[in-house]
Amino acid sequence: DINTFEVLKTGILPNIGTTKVHGNMCSFGSEVLEGSSIPLLYVSHWDGDKGVVVYSISSDDLTATQVQKIIPSEKLKSSSTFGVGNTDFTVDAENGFLYSVCYKENRYTEGESNKTCICKFLLPKASQDSTVILSPHDIIESFEVENIATRQDACIKNGIMYISNGYMN
């Protein structure tokens, strides 16, 4: 509770199969599933398919249940528009979009040629499929910005994406 500075409850995200969740970015959507008052939680997942895992969180005991995975197709991952390396995702809950944030070259490559690639997708409904595979055709728009090495999190508010940077640059 940020008003009383008390921890009210804690919860742990379950592993994905045998893989522990590496959640470099997480954000809440606006969709709330039956049985919860908490919006769906979207957590970037760097291991394996490098997608985003969607959890429904119980309002009662903060138990997290995976309801969906959104993953880039091999064709999307090999697209120069999408970028390479560690991919993060963040949700624009106000407008119903999912954004990927990736490197054009490599996160530690210095110089003008390396950029941060950002792609915009429609945010799939959790009821749509348990696994959603994004393709290059799903990109609504994309753009590049100055390289943001060692991204640690991002959020979107009023149409502006805020990205925190780690220890480099």
Undergrad: Is there side-chain contact between F28 and L41, with heavy atoms separated by less than 4.5 Å?
TA: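 A side-chain contact under 4.5 Å exists here.
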
Undergrad: So, taking the atom named CD1 in I70 and the one named CD1 in I133, what distance separates them when rounded to the nearest 0.5 Å?
TA: 11.5 Å

Undergrad: Give the table of side-chain donor-acceptor pairs shorter than 3.5 Å for residues 134-142, with sequence neighbours excluded, one pair per line with atom names and distance.
TA:
| unit_1 | atom_1 | unit_2 | atom_2 | d |
| --- | --- | --- | --- | --- |
| S135 | OG | H137 | N | 3.2 |
| S135 | OG | D138 | OD2 | 3.4 |
| D138 | OD2 | S135 | N | 2.8 |
| E141 | OE2 | K120 | NZ | 3.2 |

Undergrad: When you compare the side chain of F89 with that of V91, does any pair of heavy atoms fall below 4.5 Å?
TA: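 No, side chains not in contact.
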
Undergrad: Please find the pair of heavy atoms, one from A93 and one from S30, that lie closest to each other, and give the distance.
TA: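 The answer is O-OG, 3.6 Å.
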
Undergrad: A side-chain contact here means heavy atoms from C-beta on lying under 4.5 Å apart; do K157 and E94 qualify?
TA: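 Contact flag for K157/E94 side chains = yes.
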
Undergrad: So, does N95 use its side chain to make a donor-acceptor pair with the main chain of F97 at under 3.5 Å?
TA: no

Undergrad: Which value, rounded to the nearest 0.5 Å, describes the distance between C119 atom SG and E144 atom CD?
TA: 9.0 Å

Undergrad: Walk me through whether S59 and S37 qualify under side-chain hydrogen bond (donor to acceptor under 3.5 Å, both in side chains).
TA: CA-CA 6 Å; S59 306; S37 61; 2.9 Å; yes

Undergrad: Would you please name every residue forming a side-chain contact (heavy atoms from CB on, under 4.5 Å) with E74, sequence neighbours left out?
TA: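 Once residues adjacent in sequence are excluded, the partners of E74 under the side-chain contact (heavy atoms from CB on, under 4.5 Å) criterion are K77.
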
Undergrad: My understanding is that only residues two or more places apart in sequence, or in another chain, count here; which of them pass side-chain contact (heavy atoms from CB on, under 4.5 Å) with S56?
TA: L33, S36, L40, V67

Undergrad: Give a yes or no on whether V53 and V32 share a hydrophobic cluster (residues Ile, Leu, Val, Met, Phe, Trp, Tyr; joining criterion: side-chain heavy atoms under 4.5 Å apart).
TA: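 Cluster IDs for V53 and V32 differ.
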
Undergrad: Give the minimum heavy-atom separation between P72 and G51, together with the two atoms involved.
TA: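 Here P72 and G51 meet closest at CD-CA, 3.9 Å.
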
Undergrad: If I compare all heavy atoms of S58 with all of D61, which pair ends up nearest, and what's the gap?
TA: OG-OD1, 3.1 Å

Undergrad: Say you draw a straight line from CE of M161 to CD1 of I118; how long is it, rounded to the nearest 0.5 Å?
TA: 4.5 Å

Undergrad: Identify the heavy atoms of E146 and T116 that sit nearest to each other, and give their distance.
TA: O-OG1, 3.5 Å

Undergrad: What are the two closest non-hydrogen atoms of T87 and S100, and how far apart are they?
TA: CG2-CB, 4.2 Å

Undergrad: Of all residues at least two apart in sequence or in a different chain, which pass the side-chain contact (heavy atoms from CB on, under 4.5 Å) check with C155?
TA: Y162

Undergrad: Is a side-chain donor or acceptor of Q66 paired with a backbone partner of S130 at a separation under 3.5 angstrom?
TA: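 Such a contact is absent between Q66 side chain and S130 backbone.
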
Undergrad: Please collect all salt bridge (Lys or Arg N to Asp or Glu O under 4.0 Å) contacts where either partner lies in residues 24-39, sequence neighbours excluded, each pair once.
TA: none

Undergrad: Could you state the interatomic distance from OG1 (T90) to OH (Y99), rounded to the nearest 0.5 Å?
TA: 10.0 Å

Undergrad: When rounded to the nearest 0.5 angstrom, what distance separates CD1 in I71 from CG in L76?
TA: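 Separation between the atoms: 10.5 Å.
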
